[in-house]
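A short worksheet on the structure shown next.
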Amino acid sequence: MPFRLLAPLGLLCLLLPLHRGAPGPDGSAPDPAHYRERVKAMFYHAYDSYLENAFPYDELRPLTCDGHDTWGSFSLTLIDALDTLLILGNVSEFQRVVEVLQDNLDFDIDVNASVFETNIRVVGGLLSAHLLSKKAGVEVEAGWPCAGPLLSMAEEAARKLLPAFQTPTGMPYGTVNLLHGVNPGETPVTCTAGIGTFIVEFATLSSLTGDPVFEDVARVALMRLWESRSDIGLVGNHIDVLTGKWVAQDAGIGAGVDSYFEYLVKGAILLQDKKLMAMFLEYNKAIRNYTRFDDWYLWVQMYKGTVSMPVFQSLEAYWPGLQSLIGDIDNAMRTFLNYYTVWKQFGGLPEFYNIPQGYTVEKREGYPLRPELIESAMYLYRATGDPTLLELGRDAVESIEKISKVECGFATIKDLRDHKLDNRMESFFLAETVKYLYLLFDPTNFIHNNGSTFDAVITPYGECILGAGGYIFNTEVEDLMKEFYSLKQGKSRFQKTTMSSGPWKPPAGPGTFSSAENHDGVREKKPTKQRIPLLSCPSQPFTSKLALLGQVFLDSS
C-alpha cells in the first residue's frame with residue numbers, strides 16, 4: 001500500500017499574551033523596531049549571564065548558574081557570539097573579545113574534539129571575526145586580510161583537524177585529538193554532515209593563507225559522498241570512512257545529513273562553482289522524488305526509496321531557507337507553513353514530530369532553542385516580504401521568553417508538552433537563534449548587503465575587494481564574505497584556488513568509488529608541512545536504525 005500522509009491531529013495553539021508590536025485587529029504585521037529591541041535584550045541577558053557565570057567554559061548552565069565544557073574547551077559561546085556583537089552594533093565589546101581570544105585561546109591541548117563542531121564553531125567563528133575586524137574598528141596589520149592573529153588562530157585550529165582526513169577514502173573521522181591526532185581506537189563511522197561540511201570554511205582559509213590543502217581535503221570529502229550515493233541518487237546517514245560502505249542507510253534532509261546539502265549550495269555561491277550547484281540540484285531531484293510527501297520531507301531507505309520514518313525533525317527546518325537560495329520560493333513557503341503549524345502547536349519545534357499522528361515522538365520532545373525555522377523565516381522574508389514570516393519571529397520571541405528565560409540566561413526546553421527545562425544553553429543560541437531573529441527584524445543591517453557596497457583594501461599582495469558579493473553564513477551563522485580576490489595579476493597569496501577547467505562531468509555513476517590520490521578535478525599537490533601518515537582503525541561493527549548527531553540508535557530487532 002502506498003504511503004499516504006494524514007492531516008496532523010489535535011493541533012493546538014500556544015496561548016501567548018498579546019504584546020505591543022504584535023499584529024492588531026487589522027492584521028498588521030509585528031513592529032520590527034519593537035521586536036528588534038526585544039531580541040537585543042534577549043542577547044544581552046544570555047551573553048552577560050555567560051560572562052558572569054560560565055566563562056571560560058564552553059557553555060552556560062543556566063539553571064545552576066555555572067559553566068561546563070562541551071566541544072573541546074574553547075570558550076565556544078564567546079567565539080560564537082563574537083560576530084553577533086557586531087551585528088548588534090557593539091563595536092567596543094567585539095574589540096575586547098578579540099583581545100581576550102588572542103590572549104587565551106590555545107589548541108595545543110589533550111582533548112578529543114569533534115571535527116565537524118570545531119570547524120563550524122571555532123574555525124568559522126575565528127574567520128568571521130577576522131574578516132569583520134576592520135569593520136569593527138580593530139587595528140589590522142598591513143597584510144590583512146591575508147594575515148592577522150585571528151586568521152593565524154583559525155589556521156592553527158584547522159591544521160589540528162587535518163589528521164582526520166588522512167583516510168583511504170579522504171572522508172574524515174568524526175573525532176580527532178588536538179594534541180595526538182586520531183586515536184587508534186577511533187570509530188571509522190562518521191555522519192554525512194560530518195564529512196560534507198567543510199568547503200565554506202576551508203576554501204576561505206585556503207584563499208586567505210595561500211595553502212590549498214584545506215580546500216583540497218574539503219573537495220575530496222565532498223566528491224567521495226557524491227560518488228557514494230545510491231542508484232536512485234540518495235545518500236545515507238552514516239558511512240564508514242575507511243571502506244566507503246554505508247552503515248546507516250536512512251536518507252533525508254535532517255540530522256546527520258543537513259549541512260552537507262547546505263554547503264553544496266553555499267559553497268557554490270561563495271566560490272561561484274557550478275559543479276557544486278549541479279551536484280545539489282541532482283540531489284534535490286532525488287529528494288523531491290523520494291522523500292517529499294504533501295510538502296513534508298520524510299526519511300526513506302537510500303537504495304529503495306521506501307519510507308522508514310514518517311517524522312519531521314526540527315533540524316530539517318533549514319530546508320525552506322535553502323530552497324529560497326536557489327529561487328524555489330513557492331515550495332519553500334509551503335514547507336515553511338507546514339513547519340510553522342508545529343511551532344504554533346507547541347511554542348517551539350520538538351526534535352522529532354510524528355507527521356501522521358500530529359504529535360511528538362517519545363524521548364524527542366525537547367527544543368534546545370534551535371534556530372532553523374527562524375533561519376528560514378529570515379531568508380524567505382528577504383525574498384518575499386511576506387508578513388507571515390515576521391509573525392513567526394514574534395512567536396519565537398514570545399515563546400522563548402515565556403518558557404525558557406531564567407535568572408541566568410535561557411534554558412533548553414526539555415519537554416515542550418509541559419515546558420520542563422534542562423540545564424543547558426547551547427552556544428548556537430547566541431550565534432544563530434538570536435542573530436537570525438535580529439536580522440529578521442533589522443532589514444537595513446549591513447549583513448544584508450547585496451553587493452552594491454564593498455571595501456577595497458591595499459595589501460602587499462595586491463588590491464583586494466571585500467564584501468562585493470555580500471555575506472555567506474556558514475552553518476553556525478558565522479559571516480564569511482562572498483568575494484575576496486586579488487585584482488592584480490602576478491604572484492599573490494590572495495588568489496582564489498579553483499578546480500580544473502572545462503565543463504563538469506559527474507563521475508561515472510552513483511555508487512562508483514575512486515582513490516583519493518587519482519580523483520579527477522582535485523589538485524594532487526600535498527601539504528608542504530609535516531606529512532601525516534595514513535591512519536587505519538579496526539572496523540567496529542554494529543547495526544543501526546538511524547544515527548543522529550553522533551548518537552547511534554540501535555536496531556532492537
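Fair warning: this is a prediction, and the values are worked out from it, not measured in the lab.
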Examine distances only and state if a side-chain atom of S404 and a backbone atom of T412 form a donor-acceptor pair shorter than 3.5 Å.
-> no

Distance, nearest 0.5 Å, that separates OG of S399 from NE2 of H419 | 8.0 Å

Under 3.5 Å side-chain donor-acceptor pair for E201 and N119 | yes

What pairs of residues pass the side-chain hydrogen bond (donor to acceptor under 3.5 Å, both in side chains) test when at least one of them lies in residues 95-107, not counting sequence neighbours?
-> E93-R96

Is there a donor in the side chain of S259 and an acceptor in the side chain of T475, or the other way round, less than 3.5 Å apart?
-> no

Any donor-acceptor N or O pair under 3.5 Å, side chains Q345, Y353 | yes

Of all pairs that satisfy ring-ring contact (aromatic ring centres under 6.0 Å, His included), the ones with a partner from residues 92-113, not counting sequence neighbours | F74-F107

Do E407 and S49 have side-chain heavy atoms sitting under 4.5 Å apart?
-> no

Heavy-atom nearest pair, C191 first then G256, reads CB-O, 3.7 Å

Counting only N and O atoms by type, is there a donor-acceptor contact under 3.5 Å from the side chain of D58 to the main-chain atoms of W71?
-> yes

Ignoring hydrogens and angles, tell me if any N or O in the side chain of R382 forms a donor-acceptor pair with the backbone of P443 under 3.5 Å.
-> yes

May I ask you to check whether N112 and T175 show a side-chain donor-acceptor distance below 3.5 Å?
-> no

Do side-chain atoms of S206 reach the backbone of E215 as a donor and acceptor pair under 3.5 angstrom?
-> yes

Should the pair W296 and Y339 be assigned to parallel (<30°), tilted (30 to 60°) or perpendicular (>60°) ring geometry?
-> tilted

Would you say E372 and L349 make side-chain contact, with heavy atoms under 4.5 Å?
-> no

Pairwise distance OG1(T433) to CD(E375) - rounded to 0.5 angstrom | 10.0 Å

Between W299 and E316: side-chain donor-acceptor atoms closer than 3.5 Å = yes

Can you find a heavy atom in the side chain of I253 that is under 4.5 Å from one in the side chain of L322?
-> no

Determine whether the aromatic ring centres of F346 and Y359 lie less than 6.0 Å apart.
-> yes

Mind listing the closest non-hydrogen atom pair of V122 and A157 along with its distance?
-> CG1-CB, 4.1 Å

Does S128 use its side chain to pair, donor to acceptor, with the backbone of G124 at less than 3.5 Å?
-> no

Would you check if there is a donor-acceptor pair between the side chains of E59 and T77 at a distance under 3.5 Å?
-> no

CG/L60 to CG/D66 distance, rounded to the nearest 0.5 angstrom?
-> 8.0 Å

Enter the distance from L78:CG to L430:CG here, rounded to the nearest 0.5 Å.
-> 10.0 Å

E432/R370 ion pair, N-O < 4.0 Å | no

Pair L151-L127, side chain to side chain contact (heavy atoms under 4.5 Å, CB included): steps then yes or no = CA-CA 6 Å; L151 176 61; L127 284 173; 3.8 Å; yes

Salt bridge (Lys or Arg N to Asp or Glu O under 4.0 Å) contacts touching residues 259-270 (sequence neighbours left out) | E262-K266

Taking atom OH of Y57 as the centre, does the number of heavy atoms from other residues, nucleotides or ligands within less than 6.0 Å exceed 12?
-> no

Is the shortest side-chain N to carboxylate O distance from E155 to R159 below 4.0 Å?
-> yes

Close side-chain approach of L76 to E117, heavy-atom, < 4.5 Å = no

NZ/NE/NH1/NH2 to OD/OE distance under 4.0 Å, R417 and D415 | yes

Test item: V39 and R36 side chains (from C-beta on) under 4.5 Å apart, heavy atoms = no

Are any non-hydrogen side-chain atoms of H448 and L439 less than 4.5 angstrom apart?
-> yes

For side chain to side chain contact (heavy atoms under 4.5 Å, CB included), just list the numbers for M333 and L389, CA-CA rounded to whole Å, side-chain angles, deciding distance to a tenth of an Å, and then say yes or no.
-> CA-CA 10 Å; M333 281 298 296; L389 301 156; 4.3 Å; yes

In short, ring-ring contact (aromatic ring centres under 6.0 Å, His included) pairs touching residues 378-410 with sequence neighbours left out are H45-F410, F410-F429

Across all chains, not counting sequence neighbours, the salt bridge (Lys or Arg N to Asp or Glu O under 4.0 Å) partners of K420 are D418

Apply the test side chain to side chain contact (heavy atoms under 4.5 Å, CB included) to residues V138 and L150: give CA-CA distance (whole Å), side-chain angles for both, the deciding distance (0.1 Å), then the verdict.
-> CA-CA 11 Å; V138 175; L150 291 172; over 6 Å; no

Can I79 and R121 be said to form a side chain to side chain contact (heavy atoms under 4.5 Å, CB included), step by step?
-> CA-CA 7 Å; I79 296 175; R121 300 186 193 223; over 6 Å; no

Kindly assign one of parallel, tilted or perpendicular to the pair F336 and Y340, based on the angle between their ring planes and the thresholds 30° and 60°.
-> tilted

How long is the gap from CG on L131 to CG on L126, to the nearest 0.5 Å?
-> 11.0 Å

In short, salt bridge (Lys or Arg N to Asp or Glu O under 4.0 Å) pairs touching residues 44-56 with sequence neighbours left out are none

Using the six-membered ring wherever Trp is involved, compare the ring planes of Y283 and Y260 and label them parallel, tilted or perpendicular (cut-offs 30° and 60°).
-> perpendicular

Smallest separation among heavy atoms of I87 and N445, with atom names | O-ND2, 3.0 Å

Tell me yes or no: between the side chains of E398 and Y35, is some donor less than 3.5 Å from an acceptor?
-> yes

Side chain to side chain, Y50 and S75, heavy atoms closer than 4.5 Å | yes

Should the pair W319 and F280 be assigned to parallel (<30°), tilted (30 to 60°) or perpendicular (>60°) ring geometry?
-> tilted

Is there a donor-acceptor contact under 3.5 Å from the side chain of T190 to the main chain of P172?
-> yes

To the nearest 0.5 angstrom, please state how far the CE atom of M171 sits from the CD1 atom of I239.
-> 4.0 Å

Could you tell me whether the side chain of T291 and the main chain of G252 form a donor-acceptor pair under 3.5 Å?
-> no

Considering all heavy atoms, the nearest F116-A193 contact | CD1-O, 3.6 Å

Is there side-chain contact between Y47 and N90, with heavy atoms separated by less than 4.5 Å?
-> no

What closest approach, in Å, do V115 and A164 show between heavy atoms, and which atom pair accounts for it?
-> CG2-CB, 3.7 Å

What closest approach, in Å, do V91 and A136 show between heavy atoms, and which atom pair accounts for it?
-> CG1-O, 2.7 Å

